[in-house]
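To start, the structure under review is shown below, and the notes come after it.
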Amino acid sequence: METISENGGPIIPIKKSDPILVHPRTKTKDGFYFLSNLDQNIAVIIQTVYCFKPDHENKSTENVGESIRQALGEVLVHFYPLAGRLTVSSEGKLIVECTNSTGVPFVEAVAECEMAVLGDITVPDPTVLGRLVYMVSGAKNLLEMPLLTAQVTRFKCGGFVLGMTINHCMTDGISAMEFVNSWAETARGMSLSIPPFLDRTILKSRQNPTIKYSHDEFLQIDDESSISNLFQEEQLVYSSFHFGPEKLAKLKEIVMEEGRIKSCTTFTVLTAMVWRARTKALKMKPNQQTKLLFAVDGRSKFNPPLPSGYFGNGIVLACCLSTAGELTEKPLSFALELVQNAIKIVTEDFIRSAIDYFEVTRARPSLTATLLVTSWTRLSFDITDFGWGKPVQSGSTNLPEKEVALLISNGKEKKTTILLVGLPVSAMKTFQEMMRV
């Protein structure tokens with residue numbers, strides 16, 4: 001029996017089964033599965049949870065674990081690389097070994113309480129929510145961790161939580177949601193509405209690599225402000241910040257009154273705002289160079305666009321650079337203009353250049369004095385239905401790196417955007433002040 005607790009918060013007794021390895025229901029291809037250069041630099045484990053609370057009229061959840069497990073075996077026939085094993089190729093790149101014998105660990109669990117004790121799960125809480133996903137203990141590195149795991153936890157109220165871990169090198173947000181929704185469709189006996197397109201070689205580097213851009217996303221920055229020490233010395237705390245329609249309209253009005261820009265989106269204004277506020281909260285020195293990275297979906301940037309159902313990372317990192325002094329002393333519209341200009345640069349030519357840059361350099365994006373913003377606001381978390389209705393809420397158990405800020409949408413109409421961020425305790429107080437509009 002395991003318990004979940006967080007500084008006097010909920011204590012949830014959970015009884016877990018031993019993991020069962022789920023294999024594709026029918027034999028799939030053996031051999032090595034190619035990962036593109038866009039997959040190589042984001043090999044981090046993403047943990048998500050989906051809470052389902054069926055109506056009393058709905059069918060019993062007693063066999064929900066078995067139903068979801070059987071559907072997993074069926075959907076893995078289409079998404080078979082997820083049942084493989086991550087390894088390193090002779091070229092020194094990540095690649096997936098598919099053998100039909102590795103499989104996906106699946107755990108069933110029972111909680112001796114109501115699901116309501118979880119409360120609002122939009123704020124990451126590794127201590128509480130982390131027990132609702134299955135992580136292999138004793139793994140020394142990512143190569144020893146499964147590409148995918150699943151855990152179904154039933155609660156006394158009849159509700160259940162699906163907890164999932166997935167390696168980001170296998171999917172970006174869009175392809176992850178397409179996989180989860182395909183899994184749910186399979187559980188309901190439906191055919192896949194978006195079959196996966198598995199051939200990632202369409203994003204291979206060119207025969208003669210051509211680097212046309214500086215690719216500052218890989219730039220190494222000196223930590224002149226001892227930021228890494230601050231994260232080591234203080235406790236990391238998470239907070240969420242809600243931006244409804246009125247607050248967003250006011251923020252956009254304020255920034256446009258500065259006269260530098262004529263229009264802006266919710267994403268660009270919040271990204272600029274959090275970069276500027278975080279830089280000030282971490283007390284970066286005026287001459288400290290700071291970097292902003294954010295993911296741009298490249299699927300539509302190609303001609304023709306990437307095929308429907310492209311399974312893999314179709315995102316590329318856009319980059320902004322500034323000194324901390326300039327960023328914090330100048331108005332918010334300065335940072336916003338940098339963000340807008342970085343988005344304009346992302347074309348097929350830029351993405352091909354980024355692919356070739358990695359091929360030649362094998363560089364890793366440096367995260368020193370860096371903020372990485374990722375947005376899940378357009379992902380369809382709320383439509384996943386395994387046969388017991390759509391989730392009442394969903395969230396991430398943690399943020400994959402301390403440099404990551406996450407944007408998610410809230411409510412059925414998705415009019416409210418929530419910013420999730422983790423910072424050292426002392427920095428969070430300043431950050432909270434700067435988030436007031």
Side-chain angles (χ1 to χ4, degrees), residues 42 44 46-50 120-125 129 168 171-177 217 236-252 254-255 263-279 281 291-299 313-320 332 335-336 338-340 342-343 346 367 370-383 391 393-423 428 431-432 434-437:
I42 44 181
V44 294
I46 305 296
Q47 304 178 30
T48 50
V49 287
Y50 307 82
D120 178 8
I121 68 166
T122 53
V123 181
D125 189 337
L129 301 179
H168 205 327
T171 60
D172 57 14
I174 291 172
S175 54
M177 284 313 307
E217 61 267 33
L236 184 72
V237 291
Y238 292 99
S239 280
S240 65
F241 303 87
H242 292 237
F243 295 87
E246 289 182 11
K247 201 171 181 180
L248 286 169
K250 185 181 176 184
L251 181 59
K252 291 174 184 178
I254 290 169
V255 82
S263 65
C264 61
T265 65
T266 295
F267 174 80
T268 56
V269 74
L270 289 181
T271 296
M273 187 183 186
V274 67
W275 183 29
R276 188 167 174 262
R278 184 179 182 271
T279 301
K291 181 165 46 172
L292 168 69
L293 299 176
F294 56 92
V296 175
D297 180 21
R299 285 167 170 75
N313 286 281
I315 56 172
V316 67
L317 291 178
C319 177
C320 304
L332 180 59
L336 206 155
L338 291 179
V339 173
Q340 291 179 332
I343 292 172
V346 180
L367 294 181
T370 296
L371 169 68
L372 173 54
V373 176
T374 187
S375 175
W376 289 2
T377 56
R378 296 183 180 179
L379 301 184
S380 49
F381 284 104
D382 55 339
I383 67 169
Q393 58 174 343
S394 57
S396 179
T397 69
N398 62 0
L399 297 177
E401 302 283 353
K402 65 183 185 297
E403 295 83 7
V404 171
L406 179 63
L407 295 173
I408 60 175
S409 57
N410 186 39
K412 290 182 180 178
E413 296 178 9
K414 296 190 174 183
K415 288 184 178 178
T416 296
T417 299
I418 302 174
L419 165 70
L420 305 174
V421 66
L423 283 169
M428 185 60 82
F431 187 85
Q432 287 170 337
M434 294 190 70
M435 283 294 106
R436 291 179 181 165
V437 179

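Just so it is clear, the model here is predicted, and its values are computed rather than measured.
Rounded to the nearest 0.5 angstrom, Ser240 OG and Met435 CE are separated by 12.5 Å. Expressed to the nearest 0.5 Å, how far CG of Leu338 lies from CD1 of Ile343 amounts to 11.5 Å. Atom OG1 in Thr374 sits 6.0 Å away from atom CD1 in Ile315 (nearest 0.5 Å). Once rounded to the nearest 0.5 Å, the distance linking OG of Ser239 with CG of Leu419 reads 9.5 Å. Distance check: Leu406 CG to Leu399 CG gives 6.0 Å after rounding to the nearest 0.5 Å. Once rounded to the nearest 0.5 Å, the distance linking NZ of Lys291 with CD of Glu403 reads 10.5 Å.
Across Ala318 and Ala342, no two heavy atoms sit closer than the pair CB-O, 4.1 Å. The two residues Val44 and Glu401 come nearest to each other via the heavy atoms CG1-OE2, 3.4 Å. Taking all atoms of both residues into account, the shortest heavy-atom contact from Cys320 to Phe294 is SG-CE2, 4.1 Å. The minimum heavy-atom distance between Ile42 and His168, with the atom names listed, is O-CB, 2.8 Å. Minimum heavy-atom separation, Val123 to Leu129: O-CD1, 4.2 Å. Contact record, Gly314 with Asp172: N-OD2, 2.8 Å, taken as the closest heavy-atom pair.
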Q | Ile174 vs Arg378, side chain to side chain contact (heavy atoms under 4.5 Å, CB included): CA-CA, chis, key distance, verdict | A | CA-CA 9 Å; Ile174 291 172; Arg378 296 183 180 179; over 6 Å; no

Q | Stepwise side chain to side chain contact (heavy atoms under 4.5 Å, CB included) check, Phe431 with Val274 | A | CA-CA 8 Å; Phe431 187 85; Val274 67; 3.4 Å; yes

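Taking 4.5 Å as the limit, some side-chain heavy atom of Thr48 sits within range of a side-chain heavy atom of Trp376. Using a 4.5 Å heavy-atom threshold, the side chains of Asn398 and Tyr238 count as touching. Residues Leu251 and Leu270 are in side-chain contact: their nearest non-hydrogen atoms beyond the backbone lie under 4.5 Å apart. At least one side-chain heavy atom of Val421 sits under 4.5 Å from a side-chain heavy atom of Met428.
In terms of modelled atom types and a separation under 3.5 Å, the side chain of Ser396 and the main chain of Gln47 share a donor-acceptor contact. In this structure, Thr265 contributes its side chain and Thr268 its backbone to a donor-acceptor pair below 3.5 Å. Side-chain N or O atoms of Gln432 include none that pairs as donor or acceptor with a backbone N or O of Phe241 at under 3.5 Å.
For Leu372, the side-chain contact (heavy atoms from CB on, under 4.5 Å) partners two or more places apart in sequence, or in a different chain, are Leu293, Leu317, Val404.
A donor and an acceptor atom, one from each side chain of Thr266 and Lys252, are located under 3.5 Å apart.
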